[in-house]
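Quick caveat: nothing in here was measured; it's all calculated off a predicted structure.
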Amino acid sequence: MKTRAMLIALLGLMLCGCSRKGTPLLVTNFGTAVIESSGGKQIGATGMVLAQPVVVQVNDAQGAAVVGAPVIFSGPAGVSFDPAIGTTDTSGQFTTNVRLGGMAGRYQLTAGTRTKAMKPVELKIEEIALGYQQQLGFQLDDKYCARCHNPESSAERVSNYDNLEVKPHPFTEGDTLNKMSDAELTAIISHGGPALNKSALMPPYGYTLSKTEIEALIAYIRLISDPPYHAAGTVYAQK
């Protein structure tokens with residue numbers, strides 16, 4: 001309700017022709033939908049600006065981009081947008097840079113507009129903020145795990161996923177990994193696949209990673225899981 005109230009209030013301010021900073025805004029059109037163009041489901045560090053801007057597009061009822069439509073971004077406490085409010089450009093898009101809050105977790109952002117009938121229209125976008133422990137897990141994933149567990153190749157790292165007879169589970173694969181306890185994940189990381197009657201292609205890392213590092217890797221896996229991992233004591237960033 002707080003998001004909707006903010007959306008209505010600030011869009012009303014936009015329609016008056018000025019932003020919160022007093023900069024004139026020209027609202028010339030209205031759409032019926034807000035869609036994500038890019039920038040959702042990014043992973044960044046707490047308190048930092050996401051690597052890629054978030055871009056949304058306002059469309060009309062026929063699915064065509066709308067130029068000059070109002071857009072406003074809002075999010076949980078601690079999240080900031082640059083800019084947070086404005087109108088769509090000549091391509092019907094609006095771009096903002098997002099700074100995540102100081103708490104590790106999932107952040108649900110809202111991009112909103114209004115129809116010609118003044119009906120609020122909203123789009124939810126999720127981003128993930130890594131705390132210190134999850135950042136360490138991310139670094140360990142990149143160094144030891146991603147070559148096999150990430151099926152996508154990049155200029156920096158060629159994936160070995162397609163060469164493996166038994167495909168590893170991507171760390172985002174919550175449907176499978178969420179069913180495993182922390183103790184089970186610790187066992188398979190420490191002693192390899194055979195520890196849980198899994199593929200022997202999964203090597204043991206118990207002599208490579210410390211207990212703290214294994215815990216950090218598991219914390220990272222839990223946070224990026226899709227669908228989200230829910231367990232007693234887990235803290236999620238919210239309003």
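Glu213 places a side-chain N or O within 3.5 Å of a backbone atom of Ser210 that can act as its donor or acceptor partner. A donor-acceptor pair is defined here as one N or O able to donate and one able to accept, closer than 3.5 Å; no such pair exists between the side chain of Thr113 and the backbone of Val121. Proximity of a side-chain donor or acceptor of Thr96 to a complementary backbone N or O of Asp82 within less than 3.5 Å is detected. Looking at Lys198, its side chain never comes within 3.5 Å of a backbone N or O of Ala195 through a donor-acceptor pair. Under a 3.5 Å cut-off, the side chain of Thr115 and the backbone N or O of Gly31 do not form any donor-acceptor pair. When atom types are taken as modelled, the side chain of Thr32 and the backbone of Ala61 share a donor-acceptor pair closer than 3.5 angstrom. Here the side chain of Glu36 pairs a donor or acceptor atom with the backbone of Gly40 at under 3.5 angstrom.
Pairing each heavy atom of Met202 with each of Ile188, the nearest pair is CE-O, 3.6 Å. Here the shortest heavy-atom pairing between Gly39 and Val54 reads O-CG2, 3.7 Å. Smallest separation of non-hydrogen atoms from Val67 and Thr90: CG2-O, 3.5 Å. Taking both residues in full, the closest heavy atoms of Pro70 and Asn29 are given as CD-O, 3.5 Å, listed atom of the first, atom of the second, then distance. Between Phe30 and Val66, the closest heavy-atom pair is O-CG1, 3.9 Å. The two residues Val158 and Arg147 make their nearest non-hydrogen contact at O-NH1, 3.3 Å.
Interatomic distance, Leu100 CG to Met48 CE, rounded to the nearest 0.5 Å: 9.5 Å. Expressed to the nearest 0.5 Å, how far CD1 of Ile189 lies from OH of Tyr144 amounts to 13.0 Å. To the nearest 0.5 Å, the span separating NZ on Lys167 from CG on Asp162 amounts to 5.0 Å. How far CG of Leu130 is from CD of Gln139: 9.5 Å, rounded to the nearest 0.5 Å. Rounding to the nearest 0.5 angstrom, the gap separating the OG atom in Ser153 from the CG atom in Asn160 is 9.0 Å. Of the inter-residue distances, the one linking Ile218 atom CD1 with Leu177 atom CG reads 10.5 Å to the nearest 0.5 angstrom.
Within the structure, salt bridge (Lys or Arg N to Asp or Glu O under 4.0 Å) contacts touching residues 183-194 (residues at least two apart or in different chains) do not occur. Pairs passing the salt bridge (Lys or Arg N to Asp or Glu O under 4.0 Å) check and including a residue from residues 131-143, sequence neighbours excluded, read Asp142-Arg157. Listed by first and then second residue, the salt bridge (Lys or Arg N to Asp or Glu O under 4.0 Å) pairs that reach into residues 39-64 are Lys41-Asp226, sequence neighbours excluded.
In this structure, the side chain to side chain donor-acceptor pair (under 3.5 Å) partners of Asn178, at least two apart in sequence or on a different chain, are Ser225. In this view, Ser38 and Val55 satisfy the side-chain contact (heavy atoms from CB on, under 4.5 Å) rule, not counting sequence neighbours. Legend: residues meeting side chain to side chain donor-acceptor pair (under 3.5 Å) with Ser37, ordered by chain and number and at least two apart, are Gln93. The side-chain contact (heavy atoms from CB on, under 4.5 Å) search around Glu126 returns Arg106, not counting sequence neighbours. With sequence neighbours left out, Glu173 forms a side-chain contact (heavy atoms from CB on, under 4.5 Å) with His169, Pro170, Thr176. For Glu127, the side chain to side chain donor-acceptor pair (under 3.5 Å) criterion is met by no residue, not counting sequence neighbours. Taking the side-chain contact (heavy atoms from CB on, under 4.5 Å) definition, one finds that Asp175 meets it with Pro227, sequence neighbours left out. Scanning for side chain to side chain donor-acceptor pair (under 3.5 Å) contacts around Asn150 gives an empty result, with sequence neighbours left out. Taking the ring-ring contact (aromatic ring centres under 6.0 Å, His included) definition, one finds that Tyr161 meets it with nothing, sequence neighbours left out.
Contact check for Phe94 versus Val34: no side-chain heavy atoms found under the 4.5 Å cut-off. At a threshold of 4.5 Å between non-hydrogen side-chain atoms, the residues Arg114 and Lys119 do not count as touching. Using a 4.5 Å heavy-atom threshold, the side chains of Phe171 and Cys145 count as touching. For the pair Val98/Val79, a side-chain contact is recorded, criterion being any heavy-atom separation below 4.5 Å from C-beta on.
Ring geometry, Phe138 versus Tyr220: the interplanar angle exceeds 60°, so the pair is classed perpendicular (tilted spans 30 to 60°).
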Report task. Determine, step by step, whether Ser190 and Ile214 satisfy the side-chain contact (heavy atoms from CB on, under 4.5 Å) criterion, reporting the C-alpha distance in whole Å, the side-chain angles of both residues, the deciding distance to 0.1 Å, and the verdict. Result -> CA-CA 8 Å; Ser190 300; Ile214 292 175; 3.3 Å; yes
Report task. Determine, stepwise, if the pair Leu123 / Thr110 fulfils side-chain contact (heavy atoms from CB on, under 4.5 Å). Result -> CA-CA 6 Å; Leu123 169 70; Thr110 301; over 6 Å; no
Requested in this report: Would you please test Leu140 and Leu209 for side-chain contact (heavy atoms from CB on, under 4.5 Å) and show each step?
Outcome: CA-CA 9 Å; Leu140 294 169; Leu209 303 178; 3.9 Å; yes
Query - Verdict with supporting geometry, Val56 and Ile35, side-chain contact (heavy atoms from CB on, under 4.5 Å) - result: CA-CA 6 Å; Val56 297; Ile35 64 172; over 6 Å; no
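Leu217 and Leu136 fall within the same hydrophobic cluster, defined by Ile, Leu, Val, Met, Phe, Trp and Tyr side-chain heavy atoms under 4.5 Å apart, directly or through other members.
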